[in-house]
Structures are given as C-alpha cells and as structure tokens.
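A note on names: the letters A, B, ... follow the listed sequences, proteins ahead of strands, and every chain is numbered from 1.
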Amino acid sequence: MRIDQSMEKKLKDILLGAARRAFENGLLKSDVLSDMEIEVPRHDNHGDFSSNVAMVSASVQKMAPRKIAEALIAHLEDPHGIIEKCEIAGPGFINFFLTPASWHPVVQMVHEKDHGFGALEMGQGKKVQVEFVSANPTGPLHVGHGRGAAVGDAVGNILAFAGYDVQKEYYINDSGRQIRTLGRSVWLRLCEALGREIDFPDDCYQGEYIREIAGEILDHMGKDLGDKEEAQGVDICARYAADKILKGIQDDLADFGVTFDQWFSEQSLYDSGRVQAVIEMFREKDVIYEKDGAMWFKTEAFGDEKDRVVVRQNGLTTYFASDIAYHMEKFDRGFDRVIDVWGADHHGYINRINASIDASGRSSDQFDVILIQLVNLLRGGAPVAMSTRAGEFVTLKDIVDEVGRDAARFLFLSRSFDSGLDFDLELAKQQTSENPVYYVQYVHARIAGIMIKALEQGVLDTNDVAWQDIDLSCLTQVEEIKLIKALAAFPGAVGKSASTLHPHVIFTYLMTLASTFHGYYNRHKVITDDKNITLARLCLVGAVKKVIRNALTLLGVSAPERM
RNA sequence: GCGCCAGUAGCUCAGCUGGAUAGAGCAACGGACUUCUAAUCCGUAGGUCGCAGGUUCGAGUCCUGCCUGGCGUACCA
C-alpha cells in the first residue's frame, strides 16, 4: 500500500475494481460508474468515508441505487484489510468503516514529510502573481489594508504550498493626481510652519502625519526651501513625502510579517513609455477611439456596462490607462494566472479590467479578483470612530503594536473575505479562550511541553527521534483515531483553500484540529508507565505539532514552543 | 434604476463544485485542576437556514422573483 496515497483514492480504486467484477459477473449492466465522490460524512455513525456512487450511477446502470450498492459490496476486494465493515444506508450511500490500523500510516507520513506535509502538486508549477495591499503612498496603512495584507499574503503562501510558483507584488501608485495632492498638502503645512497664512483645502490630506513630514523636510533642507517657487516646492515635497510614506508602509508590513517579491512602480510604466505604447496599440486595433475630446476604451463591447475614458480632455491619462498597461505587463512577464486583492469598494472596476484583458487577446479567465469586505473596528463591542477625511483613523501599526502580529493576522483570516469582519481590539488582546489564536497556538506549546517532559524523564533520548520506526498499533482509542483523521484532512483543506482562494478554510481547519487535540489531551495522558504506548502517543502528538505549525505558517502566524 | 457582497442559534460566523439527523465559538446554566500548561475539557439549552416559487432521487447550497443591510455605479484613485 502506498503510504502517500489518500484514503479517498484507495477507496475509489476498491470501488472501481468491484464495479468491474460485478459487471463481469453480470450483476451490473455496465462497468462504467459516473463521477463518484468519496467524502467524510458529517456523522460518525455514517462511517469514516461515504460514497454516493450508487446514486449517481443509477441512471447509467438503469438500476435502483441500493441494488447497485449491493452488487458493488458483494464484489469488494480489500487486499490491505483497511475496511472493517461496509454498509448501505439512506437512499443508497455506501458507508465505509475502516480499521484503526489503516489510519496509522498517516502519522508516519506526517513525520516523513514534515514541513512538506499537506503540500500539493495542484498548481503544477504554474506561475501565479498575487498583487495585494497596493495602497497609495499618501498615508499610513489602516485596518482595511491590514485585512488585505493578511489575506493576500496567506493566499500566496497557500498557492505556493499547493504547487504554484507564486510571486507576491505590491503596486505603488506613485504617479498622478494623488501624489501631487500629497505634495501640495505637505507644502502647505510647510508654509504654515514657517508662519504663513494658508488655506488648507478639504481635498488635501488632513492627517497629522502631513505636518510631521513637513517639519522633517524643513529640518533636513532648511527654511530656504520656503522661498522656492510653489511648483518646485510642491514637487520636492511630493517626492520626499511619497518616499517617506512608502518606507513607512514597508516597515509596517514587515512588522506585520508580510514581505513582497517585488514592489512595482506605476510611474515606471510611464517612464518606459509603456502606457503610451498600449494606448497606441489599442488605437490601431480600434479598441480605443476618440469622442468629445477624450479617448475611450471600448469596454462595453467586452462586457462592461459602458465605455471608459483612458485619456481625459485635458490630456491626462486616467488611472484605468496605467492599469491596462500594468495588467498587460503582468501577463507579458509570463504569469499563467494573475490575482488582484482589492477592497470591495472597487468592485465596479472588475468588469473594465476583464474587458481590457480580453481586448488584449488574453483571457480574463486567467485573472481573478479577491474582493475584501470592510473591517468594523470595535473596542469592547463599541465601534471605534474613524474618519479618513479628517485624517483620524487607526493604523495597521497601531493595531500590531496593541494586539500583536499573530492575533491580528489570525483574526483577519478568521472569516471569509466575502463577509464584513468585526475586529474587536479588546478581544484580540485577551489571552483567554475567547481569542482563537491562543486556542490554536496553545496546542503547539502544550505538545512542546510534553516533548520536554519526555526528554527529562528519559522516555526520549533526543529530540531527533526516528518517528517513522515507532510501532503505532496500540493507538486504538477513538480519540486517537479521530485525531489522526483530523491530520489526514489537512491536504484536503489546503486543496480547498487553494482552489477557492479562501484562506479562512485553513483557519477553520486549525480550529477543528485544535479542538480535537484538546479533547484528546484532557482524556488521555501521553506519557504513561507503558513505554510502547508512550512512544506511540508521542509520535502522534508530535505529528499534530507539525501539522499545526504547517497550517499556522500558511497564515503567517507563529507556532510558539512555550506560552 | 442597474451591479457586487451578505442575510443560518440571543451575538459573531462555518457549512467543500447539491447529499443522510444544519455545526463551532461567545453569551447562559451545571460539572472537571495531588496530573504532560485549566490560555483546556465534559455536559445542558438554543433553528421556519430572509420570503415565495422552480429544477430532482435529494436544496442552507443551483435557477427565477421579491424583502432587508453594506458597498459601488466619474473625463477620482
């Protein structure tokens, strides 16, 4: 029996073999079985695995599902003795109850694959780019960016673990109006600091950090700067401020444990002439046309609600123009798949990007957008007042400083990004059972404690145990089998998480595994008087420790040895 | 008006490309520390899966219509 083959696959093969024999013996009308599923039933009394094969094959076989099931069961061959019993239930489910011993190889497989347990070849090395955060360098990252950062980073990790060649990228909007506005904001604050009367417009950036940057520029460059022409001063301020803020963003992300393979500058698309070239190219293809003094992209012809402007009457390009160039550039870099992580308030943008990709000759099937719903920041159940316009908001750095990186990341990933998220600062700080991050990390720390104890008592001589050689046949308690089954479910969770791009699947998996472990821990002692049982259980909990670590790593959360 | 997301226990949410008796956590109540970490566990209670139709062996899940909430519908980003 191949140890690295999933239980589902084994059972599927057994069923296919049975179908062939049943057909040869004339009990089935065809040896073809429709696409069957082997799944883990919700209820224990429905067995370890269940198959709907008899039901989905009913029309092909032109037989009643239960009759098909009977024929299959009569011809089952189980050379490795993994099936303890087999039942037909309900409308025609075939339920498999497996022997405890059939689960034991899973534990050894975890130890053997170690950091690689759960990794898949689903992606087949395809190149995927995940672009996320990409906040304008006009102010510090806030809570919403934090959720996007946690999700984007986790999605990248999960896809890489599922066998994709992943590149994480941050797109810097360092061009265009918002940067000029930033420069103007800083320049005005700088003038203000020099004692001049200023009129600070509403559409300038209101935050206190603008004053700080202005002060910093004055310290560095001296008060003479104030004598410069406004245009030049604004330009200097814009460059300095954008650079400064970007560095701050990079630091905050690093503190949050998020790193990027590439930081891609929007301005570079203009500097290299890429934006103009793309506009020209689409003009020649007649996809871009002129109307009312502006240039329009024919997005409506590719499924958008209406056409969109790429060059305004005043000759300036829109954000959309550089975005078209950027996404074309991504595909030119050879990515098979491009994933953007956006805030849900940008959803109206999806159709036009899809349209531009389809118009370019690529397929928007290769492009996915992860839309992240809003975060409601709470403190002790009450909403935290925030106003972006007034520049009053809680930054990502504030949150990481207050609740810690692990708690913040874990909570950001606790829900599907399709749903709004309540993030309670008090709850995130609490070191109690209400806080799921400790619930899971505690498993890791507890097992680490057991290992230390085992070393102290001399049950183990070394940390470097040959776990694969340990006899596990004494692991027959129901809680032990339940725990092994939870371990065996990890690769499936990774696959589901990767195929749906939903990291919270890993969160949910971790909560289930942690709960199963805590239940086992409270009912059974790992270190006992019986040496064989002790070693086998150490082997089991050691495997749990590794899977907890692997899963937490995917989410960017640490696995502490001690708490 | 049109579009996207959501509507599941008192609260916050899971529920895999349709499967059997819809699950956790919190809050409530009752128990478990001479023990490898009680940051834990066990038990009790809690439901018209927003509403109405449809598709089929079978619907929380898919389709249609409606209701409610959030967001979006720029020659802004």
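Counting non-hydrogen atoms under 4.0 angstrom, A/Q178 reaches the backbone sugars and phosphates but no base. If you check every strand for non-hydrogen atoms under 4.0 Å, A/V459 touches nothing. Nucleic acid contact class of A/R562 (heavy atoms, under 4.0 Å, all strands): base. Note on A/F320: nothing from the nucleic acid sits closer than 4.0 angstrom, heavy atoms only. Residue-level contact check: A/H502 touches neither bases nor backbone, having no heavy atom under 4.0 Å from any strand. Residue-level contact check: A/E305 touches the backbone only, with heavy atoms under 4.0 Å from sugar-phosphate atoms and none from bases. Residue-level contact check: A/H504 touches the backbone only, with heavy atoms under 4.0 Å from sugar-phosphate atoms and none from bases. Within the nucleic acid shown, A/A445 comes within 4.0 Å of at least one base atom, counting heavy atoms only. Within 4.0 Å of A/Y521, counting heavy atoms only, lies at least one base atom of the nucleic acid. Within the 4.0 angstrom heavy-atom criterion, base atoms lie near A/D292.
Distance A/R352 CZ to B/C76 C1': 11 Å, rounded to the nearest Å. In this structure, A/D422 atom CG and B/G25 atom P are separated by 19 Å, rounded to whole Å. To the nearest angstrom, P of B/A77 lies 13 Å from CD1 of A/I324.
We find that the ring of A/H518 and the base of B/A38 do not stack by the test of centres under 5.5 angstrom and planes tilted less than 30°. Stacking of the aromatic ring of A/F93 onto the base of B/G19 is not found under the criterion of centres within 5.5 Å and planes under 30°.
The base of B/A20 sits with one of its N or O atoms less than 3.5 Å from a complementary donor or acceptor on the side chain of A/N95. No N or O donor and acceptor, one from the side chain of A/T512 and one from the base of B/A24, sit under 3.5 Å apart. On a pure distance criterion of 3.5 Å, a polar donor-acceptor pair joins the side chain of A/H347 and the base of B/G3.
Side-chain contact check for A/S322 and A/E266: at least one donor-acceptor pair (N or O, by modelled atom type) lies under 3.5 Å.
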Pairs counted as Watson-Crick or G-U wobble with both distances under 3.5 Å: what dot-bracket string results for RNA chain B, using | for bases tied to another strand? (((((((..((((.....[...)))).(((((.......))))).....(((((..]....))))))))))))....

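Listed nucleotides B/C42, B/C16, B/G70 differ in distance to A/R523; the shortest reach to its side chain belongs to B/C42. Comparing B/A14, B/A77, B/G19 against the side chain of A/V56 picks out B/G19 as the nearest. In this structure, the nucleotide among B/A20, B/A74, B/A77 sitting nearest to the side chain of A/P41 is B/A20. Of the listed nucleotides (B/C4, B/C71, B/C75), B/C71 has the atom at the smallest distance from the side chain of A/D345. Nearest nucleotide to the A/S416 side chain, out of B/A14, B/C36, B/C75: B/A14. Of the candidate nucleotides B/C5, B/A77, B/G23, B/A77 has the atom nearest to the side chain of A/Y349. The side chain of A/S419 approaches B/A14 more closely than any other nucleotide in the set B/G60, B/A14, B/A74. The A/D418 side chain lies nearest to B/C5 when the options are B/C5, B/G23, B/A14. Checked against B/C75, B/U35, B/G23, the side chain of A/K525 finds its nearest nucleotide in B/U35. For A/N45, the side-chain atoms get nearest to B/U21 when compared with the rest of B/U21, B/A39, B/C42.
Ring orientation note: the planes of A/F517 and A/Y521 are tilted relative to one another, at an angle of 30° to 60°. Note on ring orientation: taking the six-membered ring where Trp is involved, the planes of A/F297 and A/F282 are perpendicular (angle over 60°, cut-offs 30° and 60°). Ring planes of A/Y326 and A/Y171: parallel class, angle under 30° (limits at 30 and 60°).
Mapped onto RNA chain B by nearest heavy atom, A/K306 and A/N173 fall at different nucleotides, with A/K306 at the one closer to the 5' end. Toward the 5' end of RNA chain B, the nearer of the two residues A/L421 and A/F49, judged by each one's closest nucleotide, is A/L421.
Between A/R177 and A/D203, none of the side-chain N atoms (NZ, or NE/NH1/NH2) sits under 4.0 Å from a carboxylate O, so this pair counts as no salt bridge.
Base orientation of B/C4: anti, the glycosidic angle falling outside 90° of 0.
Checked against a 6.0 Å centroid threshold, the rings of A/F93 and A/H46 do not count as neighbours.
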